[in-house]
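Working notes for the structure below.
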2 protein chains.
Amino acid sequence: MTAAANQSGRRPTASRRLERAGIRDVAAAAGVSITTVSDALNGKGRLPDETRSRVREVAERLGYRPSAAARTLRTGRSGLIGLTVTTYGEEPFTFTEFAYFAEMARAATSAALSRGYALVVLPASSRHDVWSNIALDGTVVIDPPDQDPLVSELYRSGVPVVSDGKPGNCPVTAWVDNDHEAAVLGILDHLSEAGARRIGLLTGTSTDTYTRLSTDAYLGWCHRVGQEPVYEAYPAHDPAAGALAADRLLARPDRPDAVYGLFDPNGTDLLAAARRYGLRVPDDLLLVCCSESDVYAGTEPPITTLSLKPRRIGTTVVNLLIDAIEGVEPGGGPDSGRLFPPRFRTAGTGPPPGTLMPTELIVRSSSERRSPRTTVSPPRPPGEV
Amino acid sequence: MTAAANQSGRRPTASRRLERAGIRDVAAAAGVSITTVSDALNGKGRLPDETRSRVREVAERLGYRPSAAARTLRTGRSGLIGLTVTTYGEEPFTFTEFAYFAEMARAATSAALSRGYALVVLPASSRHDVWSNIALDGTVVIDPPDQDPLVSELYRSGVPVVSDGKPGNCPVTAWVDNDHEAAVLGILDHLSEAGARRIGLLTGTSTDTYTRLSTDAYLGWCHRVGQEPVYEAYPAHDPAAGALAADRLLARPDRPDAVYGLFDPNGTDLLAAARRYGLRVPDDLLLVCCSESDVYAGTEPPITTLSLKPRRIGTTVVNLLIDAIEGVEPGGGPDSGRLFPPRFRTAGTGPPPGTLMPTELIVRSSSERRSPRTTVSPPRPPGEV
DNA sequence: GATTGCTGAAGATACGTTTCTCTGTGTGCC
DNA sequence: GGCACACAGAGAAACGTATCTTCAGCAATC
């Protein structure tokens with residue numbers, strides 16, 4: 001054994017045949033020190049270009065890949081971001097939120113990757129055995145319930161947390177949400193303009209922010225315009241309950257002539273209920289529901305939907321989170337770009353910064369009354385798309 | 001400074017105020033060694049229950065969370081599984097595969113979590129900077145192209161790789177795929193039974209296994225039953241091209257009276273094209289397409305779809321991968337449960353084990369002709385209603 | 001001629017675990 | 001009384017990197 005082979009301090013075992021090349025092997029092959037290899041590959045230190053490129057060439061030749069685990073241990077950065085959503089059942093995300101979540105997750109994944117991070121999908125169950133097994137630089141939480149112990153612990157242990165959905169009592173680094181109040185008011189106005197006289201609401205029994213804000217906006221609007229509220233609430237995670245609630249709503253003696261459903265499957269359920277009661281849509285009943293699914297472009301009739309623009313939300317949430325991780329003050333103020341260590345931010349300096357994002361109403365025939373039915377639009381000529 | 005405080009060998013700095021509690025702190029607080037703490041918390045070693053529970057209680061009190069990075073570095077296991085799919089654009093997964101991918105990823109995530117692993121979604125781009133920054137125990141690859149350099153490198157470096165879709169020339173640990181040949185033959189038979197005389201195919205130009213197997217099955221069937229093949233191929237990643245190809249197919253002089261479309265949006269496109277040419281579905285044209293979307297339950301008429309059962313695939317793929325990671329021989333043979341080190345498996349002992357999974361044909365009105373046809377409607381020229 | 005400053009790079013330490021090896025004890029057995 | 005043996009636990013060596021500190025050499029300055 002040569003002195004050079006031993007200078008690394010590595011145990012001189014002969015069983016290293018199949019192992020991956022480490023930084024030590026690169027150093028030995030290039031005739032430099034470990035420090036120099038690390039500096040050369042990471043673009044740090046003061047090295048002449050010649051040394052740098054030589055080391056890089058040797059590393060390439062040996063097929064050297066730095067150990068992510070070792071780097072994470074040393075630097076405290078894993079490049080991993082958690083994405084979690086409250087689960088009602090055994091699935092990592094709920095069926096009713098599926099389209100929203102899928103789109104949002106897709107955008108979040110893209111946004112993270114483009115900044116060099118990767119996304120890990122995790123269950124919101126507070127089982128530590130899976131969470132604590134993963135080194136996360138930060139976490140995105142979708143719709144955290146009030147006083148979520150998981151979020152609290154993450155935040156307390158210094159991991160930045162950004163939530164999709166305004167958090168109730170959770171301390172978070174930042175949050176992003178739709179302007180649900182404006183969205184509901186916009187829909188109610190839209191329905192009124194289409195001729196609705198009594199607008200009903202299909203809402204949920206849970207106390208999450210989305211349900212609460214939307215319902216409150218509806219009640220406030222009713223109060224202002226002097227309409228008696230007409231709504232049915234059901235546990236949103238139960239699809240069967242949704243169909244029943246839709247039926248109940250249309251079976252009421254004070255049956256509404258327009259309905260907004262807060263959850264994705266409401267449109268289909270309301271349509272089916274309307275059919276049962278012989279109500280024509282939109283002639284007898286105007287319909288809008290909140291959904292990201294394109295199913296409603298193909299129903300008979302097509303149903304107006306409110307899109308929460310999950311892609312925009314996902315992108316924004318991830319970028320806010322990475323800003324916090326990297327210690328960049330996002331605001332874009334005068335000292336934008338200034339670095340500050342996130343985990344040393346003093347707690348309790350007021351509420352966390354929140355961002356409200358607009359929604360989009362996709363108007364289809366279910367909410368457009370052919371008002372004065374003067375003409376029936378003629379069948380379209382073929383070839384027109 | 002007491003001797004006890006220094007016995008851990010830790011530098012006796014006073015700046016440890018805000019740091020997380022480490023295993024050393026637990027050991028000191030419990031009055032035992034680091035070894036004992038590790039053993040107590042991991043259920044290893046030989047410790048009396050009293051010691052074990054005392055250590056656990058102290059750890060709990062200090063809010064101790066083991067460092068995932070350190071554990072990964074030491075054990076070589078991260079508990080992380082990569083999930084990747086070929087990207088055609090900037091998105092981590094393609095639009096045409098969206099529903100399939102979303103369902104598959106959801107099932108894969110569930111399956112992984114239930115076995116204590118978490119899933120990381122990664123792009124198939126061979127950019128090392130993101131892949132090599134993450135310690136992966138294994139990877140699921142969806143539809144690897146022939147001789148994918150990414151897959152090759154992963155496999156070479158000892159990371160188990162299981163592919164969704166039979167791999168072309170990639171060395172993989174195992175693979176799972178649908179029985180595409182059986183699926184296509186089943187559809188062709190189904191259409192024949194519904195009265196189809198000339199069945200067309202809407203297929204893709206790419207050379208991936210799915211497209212190739214399906215097309216070959218179609219061609220073989222045509223050859224057997226003596227029908228002249230009628231098909232149009234287009235680049236599957238381009239939605240606009242799909243609509244054009246659907247149009248081309250129905251504009252042919254030898255227009256088919258039934259069509260199977262290999263890709264998700266084909267159903268909608270074919271329906272639109274049929275409408276343009278004044279073809280009634282299913283009376284003049286029988287329609288089936290491969291899709292996971294429930295849109296086709298609501299179209300007019302509802303369209304028969306072939307489901308690849310992505311959930312089943314996702315679950316199977318992940319379980320196979322974790323079996324390989326943990327060194328469990330899956331087959332359930334006589335020595336099932338026997339351990340073998342996966343990365344020492346000799347290469348070249350024949351093709352990797354593959355699993356074929358059945359598909360499901362969801363029959364809707366678009367492929368059910370209401371009555372035995374007595375008259376044959378003559379082909380109409382385009383534009384005529 | 002001594003001090004300073006810069007360059008290029010090596011040495012050593014720490015990150016926080018897991019695990020292999022080893023050491024004292026009491027205890028049963030011949 | 002001596003031996004082996006199971007028990008409870010301690011010590012210390014990795015795992016592979018990043019980085020802080022040091023150091024030799026050399027040129028320029030005072």
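Chain identifiers are assigned alphabetically (A, B, ...) following the order of the sequence lines, protein sequences preceding nucleic acid strands; residue numbering begins at 1 within each chain.
- Closest heavy-atom contact between Ser163(B) and Val317(B): O-CG2, 4.4 Å.
- Contact annotation: Thr36(A) side-chain N/O to dA10(C) OP1/OP2 distance is under 4.0 Å.
- Checked against side-chain contact (heavy atoms from CB on, under 4.5 Å), Asp39(B) has the following partners two or more places apart in sequence or in another chain: Thr35(B), Lys44(B), Leu47(B).
- Every residue was checked against the salt bridge (Lys or Arg N to Asp or Glu O under 4.0 Å) condition with Arg74(A), not counting sequence neighbours, and none meets it.
- Residues satisfying the salt bridge (Lys or Arg N to Asp or Glu O under 4.0 Å) test with Glu60(A), not counting sequence neighbours, are none.
- The separation between Glu50(B) atom CD and dC7(D) atom P is 17 Å, rounded to whole Å.
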Using the 3.5 Å cut-off, write out each protein N or O paired with an N or O of nucleotides 19-23 of chain D and the distance between them.
unit_1: dT19(D); atom_1: OP2; unit_2: Lys44(A); atom_2: NZ; d: 3.0
unit_1: dT19(D); atom_1: O4'; unit_2: Arg74(A); atom_2: NH2; d: 3.4
unit_1: dT19(D); atom_1: O4; unit_2: Thr35(A); atom_2: OG1; d: 3.2

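- Atom C1' of nucleotide dA14(D) and atom CD1 of Ile23(A) are separated by 17 Å, given to the nearest angstrom.
- Put simply, CZ on Arg52(A) is 10 Å from P on dG8(C), counting in whole angstrom units.
- Looking at every heavy atom in both residues, Leu62(A) comes nearest to Asp25(A) through CD1-O, 3.9 Å.
- Comparing Pro48(B) and Leu73(B), the nucleotide of DNA chain D nearest to each residue sits closer to the 5' end for Pro48(B).
- For Ser38(B), the side-chain contact (heavy atoms from CB on, under 4.5 Å) criterion is met by Ile23(B), Asn42(B), not counting sequence neighbours.
- Residues satisfying the side-chain contact (heavy atoms from CB on, under 4.5 Å) test with Ala68(B), not counting sequence neighbours, are Ala135(A).
- The side chain of Arg24(A) sits closest to dG16(D) out of dC15(C), dA9(C), dG16(D).
- Arg54(A) places its CZ atom 11 Å from the C1' atom of dA9(C), with the value rounded to the nearest Å.
- Contacts of residues 55-62 of chain B with DNA chain C (heavy atom under 4.0 Å): none.
- Atom CZ in Arg77(A) sits roughly 15 Å away from atom C1' in dC15(C) (whole-Å rounding).
- Considering only side-chain N and O atoms, Ser67(B) lies nowhere under 4.0 angstrom from the phosphate OP1 or OP2 of dG16(C).
- Using a 4.0 Å heavy-atom cutoff across all strands shown, Thr51(A) reaches sugar-phosphate atoms only and no base atom.
- In terms of the side chain to side chain donor-acceptor pair (under 3.5 Å) criterion, residue partners of Ser33(B) (sequence neighbours excluded) are, by chain and number, Thr36(B).
- One atom, CG of Asn133(B), and another, P of dG16(D), lie 17 Å apart when rounded to the nearest Å.
- Every residue two or more places apart in sequence or in another chain that forms a side-chain contact (heavy atoms from CB on, under 4.5 Å) with Arg61(B) is listed here: Glu57(B), Val58(B).
- Distance Leu47(A) CG to dC6(C) C1': 15 Å, rounded to the nearest Å.
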